[in-house]
Each structure stands twice: as C-alpha cells, then as structure tokens.
Amino acid sequence: MYLIKNARVFTPNDIGQKDILVAGQEIIDVCESGAISVKGADCIEIEATGKILTPGLVDSLVHIIGGGGEGGFTTRTPEMYLSDAIQAGVTTLIGVLGTDSVTRSLPNLLAKACALEEEGLTVFCHTGSYQIPARTLFESIDQDIILIEKFIGVGEIAISDHRSSQPNGQELARLASQTRVGGMLSGKAGIVSVHVGDSDACLQPILDVVSATDLPIKQFYPTHINRSQRLLNAGKEFAALGGYVDLTASTTPEILAAGEVKCSTALSQLLNAGVSASQITFSSDGFASLPDFDDQGNLRGLKVGSLTSLLDEVRDAVNIDHVPLETALTVVTRSPADILKLTHKGRIEKGADADLLLLDADNLQLDTVFANGKLMMHEKRLLKKGLFETGQSI
Ligand code: ZN
C-alpha cells in the first residue's frame, strides 16, 4: 500500500490538496489531507507537498514495435522500451502498425504489447494498419476485436495521404461498420483510428461516410489534425459536428517550418473555437518516423517520435498558450480513456487503476510514476527498466 500525502490533485479536474490511498493496483481512497492514517509496515507514505498528482498519461497512438521504413529498410524505426513510457509519464498506451504491414506484423505487435504489460504498463492495440482491406489476424476485423482481448479497434487507417490505399467511401464504411459491431459484441471501443495525411481532401472521406450511412461521427478517431492549419480548420468543423480530434505531439523544427501547427497551439485554437476538451486528445505518435518530404514528394530525412512529447506539449499549452492545467491534462488522460472506453484509466477516483504521476508544481517536471500501483519512478529516479535496456543507471 501507498499513502500519497498532501499533493494538489488533478483528477484531471483540480480538487485541491488531498491524500490518496493505493492498495494493489487500485486507488482505494481519495480524502482530505490528514484524514487517512494507516498503521503498519505495509503502507509506504510518500510526502508530496509542493507536487501535483495527476492520472498517468494515456497515449492513444504508439508504434510500439517501430514504424517508418518509407525510405527503405534502414529507415525502419526501432522498438520502444519500457523506460520510454515511464520517463514520459505514459502508463497506458495503444500500439499500432503503420505504413508497413509486411515486415511489421500483428503477432509481433501483440507480443510486444504483452511484454510491455508484463513489465508493468497497460497496453492495448488496434488491428489493421494503413491499408484497406485491413491486415487482420483472423478473417475479419470484427473477429480480431471480439476474440483477441488486446484489440480494441482498427487503425491507423490512412486517408488523404499518398501512402494510403486510396480507399473509396464504401470500403471505409464497410471497415467502420465491422469495427463498430466488433466493439459492440465485445464491450470495447470498436473505434476506427484514422491517419489523416496532407492531401486536399482532409477529413472529407469520413464526412462522406457519415452522411451516406447510419454510422455516427464518433465511430472515427482521426489523428494528425494539427498537420496543417487547413486540416486543423477542417478539424474544428469536424468537432462542431460532434467528432473527435487527435493532435500529434511529436514533431521536428522542419515539420513545424513546413506548416504543422504546434500541438499545444492547436489545442488552444480548438478550445477557442468552442470545442470541448472531451473531444480533443494528444497522442505522441511515438516511434513513428517523422519524414521530411521535399516539394516533389522525395524523402529528405527521418526522425523518430517520442512519448515525452506529450508532457512537453502539456507544459507548453499551460506556459505558452495559456490553457488551464486541468484542461491540458484532460486531453492526455480522461479524454483518450473515455474515447477508448478504458473506464479505469485516465482519472483519479476511488476504484480507478493506480496509474499516477507526481509533477513539480512550479515547472510540471515529472518526479514520480506509478503504473498499476507499482512505483516505477520516484524523485526523478527510474526504478524499473525493460529487460534488455542498457546504458541507463537505476
Ligand atoms: Zn499516422
């Protein structure tokens, strides 16, 4: 058991100074400071005066086995390690394939998800990849979602991108309906994660499906909406119709110079346009390649997405873009958890999973990480790393 004392608690709503009691994997009490006293050697007290306590971050898009490869085999990005998540404050993540579903496979994705979970994180996956027809483990998307516990949706399915399979409306609608039914029959989100590229069509392929069918707009979870101001503007209209919008936190100076809207700034713009924080999320796109194409579409260079970008963008949203801290925290905790139907994640309340972060109140630097009730980082010291990680002091 752990008793975390005197932290200012953001559930992600600011509920002031509280004490939190953790037993096993669960938060078992949230009380006024000093109200709980636990006797016995089994309970470790953590004094957290001057700290902010938040839920562990929920990252809805991570290429956990790597991604990329758009510039040939040497440009395939590496797998992530446990500490890549812990040092980023990410305790729940959704693993996906990407452009490449030939040399990257769903069995490999599931095995990596299981490995990260054995090491302490909570990991789910999407079946499929960029392409339609979707790459699946069984015969169909609905079978994958119903029969495999870790699959909660499909994606990221690419639209409006030269790397997509150029799906037509009927293909996209059929894929979405299968995903929806798979989600309904298994009690999962059954959501379609959509990679939106930089072609003129923006979000129109989704809107066409929604207007031509009975599928609700919330069936789709489009990402990279801050890719350009034009796409962000389309995202505002999409959100006004009730849709979700996911902003990508990982970036490079070159990508920003090419017209991407910084994630924190895009959040501020969406909020100013009246979009609810419950419809907005950040994801890291961790371990994706961050390609830099020239005007002719030739690849000039590649970098790798980082999970730490999530908390960096939360800090910038607060410090630069003047977004209230509880709103900035909502888009990396409760909003993605709710959209993905992970009801025990992304919140601090009695009965929720004990995924918790302590941040320094003055500069929001990460100090302590609990994942499923286990202390993974404390006083900025990493306490646990993956089995094959090297070169880091513990
Ligand atoms: Zn993508």
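Counting starts at 1 for both ligands and their atoms, in listed order.
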Task: Which atom of Glu156 approaches the Zn ion (ligand 1) most closely (N/O/S) - done: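 Going by distance to the Zn ion (ligand 1), the closest N, O or S atom in Glu156 is OE1.
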Open item on the list: Nearest N/O/S atom of His195 with respect to the Zn ion (ligand 1), by atom name, please.
Closed with: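 Checking each N, O and S atom of His195, the shortest distance to the Zn ion (ligand 1) belongs to ND1.
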Task: His224: partners by ring pair (Phe, Tyr, Trp, His ring centres under 6.0 Å), with sequence neighbours left out - done: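 His224 satisfies ring pair (Phe, Tyr, Trp, His ring centres under 6.0 Å) with His195 only.
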Open item on the list: So, using side-chain hydrogen bond (donor to acceptor under 3.5 Å, both in side chains) as the criterion, who are the partners of Ser278 when residues are at least two apart?
Closed with: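 By the side-chain hydrogen bond (donor to acceptor under 3.5 Å, both in side chains) rule, Ser278 matches Ser276.
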TODO: Would you check, one step at a time, whether the test side chain to side chain contact (heavy atoms under 4.5 Å, CB included) holds for Leu247 with Thr281?
DONE: CA-CA 6 Å; Leu247 307 172; Thr281 61; over 6 Å; no
Open item on the list: I'd like to know if Ile225 and Leu290 are part of one continuous hydrophobic network [Ile/Leu/Val/Met/Phe/Trp/Tyr, side-chain heavy atoms within less than 4.5 Å].
Closed with: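 No, no single cluster joins them.
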- [ ] Answer yes or no as to whether an N/O/S atom of Asp285 is found below 2.8 Å from the Zn ion (ligand 1).
- [x]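 Asp285 does not place any N, O or S atom closer than 2.8 Å to the Zn ion (ligand 1).
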